[in-house]
Amino acid sequence: MAIHIKNGIVIDPKNKIKAEKMDLFIKDGKIVDEKAVKKEECQVIDATNKLVVAGGVDMHAHIAGSKINTGRTMRPEEMRVVRRVADTFRAAVGRVLLTAPAIGYEYAKMGYTVSFEAAQPPIGALHTHEELDAIPMIDKAALPVFGNWHLVFKFVEEKNIEKLKAFIAWAIERTKGFGVKAVNPGGVEAWMYGKNVRSLDDQVPGFNITPREIITSLIQATEELKLPHSVHLHCNNLGVPGNYQTTIETIKLASKFSNSKRQVLHVTHVQFNSYAGSSWRDAASGAAEIAKVVNSIDNVTIDMGQPIFGHATAMTGDAPFQFTLHRLTGAKWSNKDSEVEGGAGIVPLVYLPNNPVHALQWAIGLELGLLIDSNKVVLTTDYPNGGPFTEYPYVMAMLMSRKMREKELQKVSPYVQKATGLAAIDKEKTLEELIHMTRSLPAKILGLENKGHLGIGADADVAIYDLNPLDVDTSNEFEKVYKALKTAVYTIKGGEIIVKNGELVKEVWGRTYWVDARSKVDLEAVMPDIENYFQYYSIELQNYGVEESWIRMPERIVVG
Ligand SMILES: [Zn+2]
């Protein structure tokens, strides 16, 4: 069935459409030209005075795999929150750590149609994909973690970029992954000895390499392989006062590389890496300094990692950080080791407005969102680390309204006034900038050409909100903006209406993207090394990995 979206007010930053009244046409899952459809056969959606945008793209969230499952086990209280869905839909349960169906449903209700699992332990890839397959409504992908994998260390130590490239291509195919994620490079290996790395030039125990060498080698390999997405980096020293300097030093590593299409380094959830000061007693914001550097470098992008007050669960491949967090909060703690590949940790927590550290983190996230050029910063909460993705509209409204920020500042610890510059920032981002930060920008950073925009040929993933961009005053009407963006009037996924008036009306299954770069490398040259390493694994090489046919709706993106 073809769809005619009539009289909507379209914002489509990629195609330079700034709040224009226009019609859109959908056929066979794509945005098409008016001439490609017979109007009398179209289902008509009256979007008069409503905002029409591409479906949201969440480029960094934790939605599937062993971490979120361990988190669910550690928070049985979550299962008391039952979300209302019609009888035809599956059980949607959870406050922050939602069940797999609920993740798809809640994204859809908010007008989001893509979400990337940002840290897939390679040996756990099958589990990750089984769970991604249980999430309806959205397109998905997973980023396997490389920053502490012994085989990466070996090739970095040998300065053998060709073997590193071949290994990455092999690993991405085996894990049906999308790109190269690195978490605290070298630090998780140091954690196996009860330690961490503290600077880019610390030695990684057992190897003659440093975090600096791991990061630059991974960037070089990723760029030479021409993967759609750049290296996606969780920096060293996450969660440590004074860490903003390590973050700046890391960002500057990108200046040696260039790519005409996209950034060469995406630094994720930067809020957790933007602390000045020497301890939690004198911690302050380093966001302004980081913003200056990001704004001055062309080939780096970031996402916010915005904390939301209320329940959250920290879960990262950064195992030593999670131990630190457990010591700081006294909360329950879980730690995982994934053989010779890395590790992870989980700590359930609650962000409290009157806690000076939590309020500082909240303010820093907003500072990053406000001070960094909207072409370089993506809105995320690093779900569920900073809080639920369902509160993205809160962050959107906050970035657009100084008045809302002033109101919210009244509720938080006064430490924020002393330790951050948030209160003095009068910048108010526009609705168009926020649509870019949640759609066209993340799609561009991930290299997804058919996502995040509404041009002819784009996937027909569309969100319609009860908000007239020609009429709304985003500075003053922040409550209206928040409410409108929270629940879409319509969400269309791949040309099918899945949400109507904020209610789910149809369950659909999105695709799982994975990247195949094998034709760009000499796999034979690296296989003996890989085979040799499997003596240290608990499983045989032939049992390692995920076949494409095991995935519900795979979409292979071939490189080269
Ligand atoms: Zn994350």
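Along the sequence shown, the residues carry numbers beginning at 1. Counting convention: from 1, in listed order, for ligands and their atoms alike.
When NE2 of His62 and OD1 of Asp382 are joined through the Zn ion (ligand 1), the resulting angle is 90° to the nearest 10°.
Taking the six-membered ring for Trp and the full ring otherwise, Tyr112 and Tyr392 have centroids separated by under 6.0 Å. If you look at Phe309 and Trp362, their ring centroids are closer than 6.0 Å. If you look at Phe153 and Phe207, their ring centroids are closer than 6.0 Å. No close placement of the Trp514 and Phe178 rings is indicated, their centers lying 6.0 Å or farther apart.
For His269, every N, O or S atom stays at 2.8 Å or more from the Zn ion (ligand 1). With a cut-off of 2.8 Å, the Zn ion (ligand 1) has an N, O or S atom of His60 in range.
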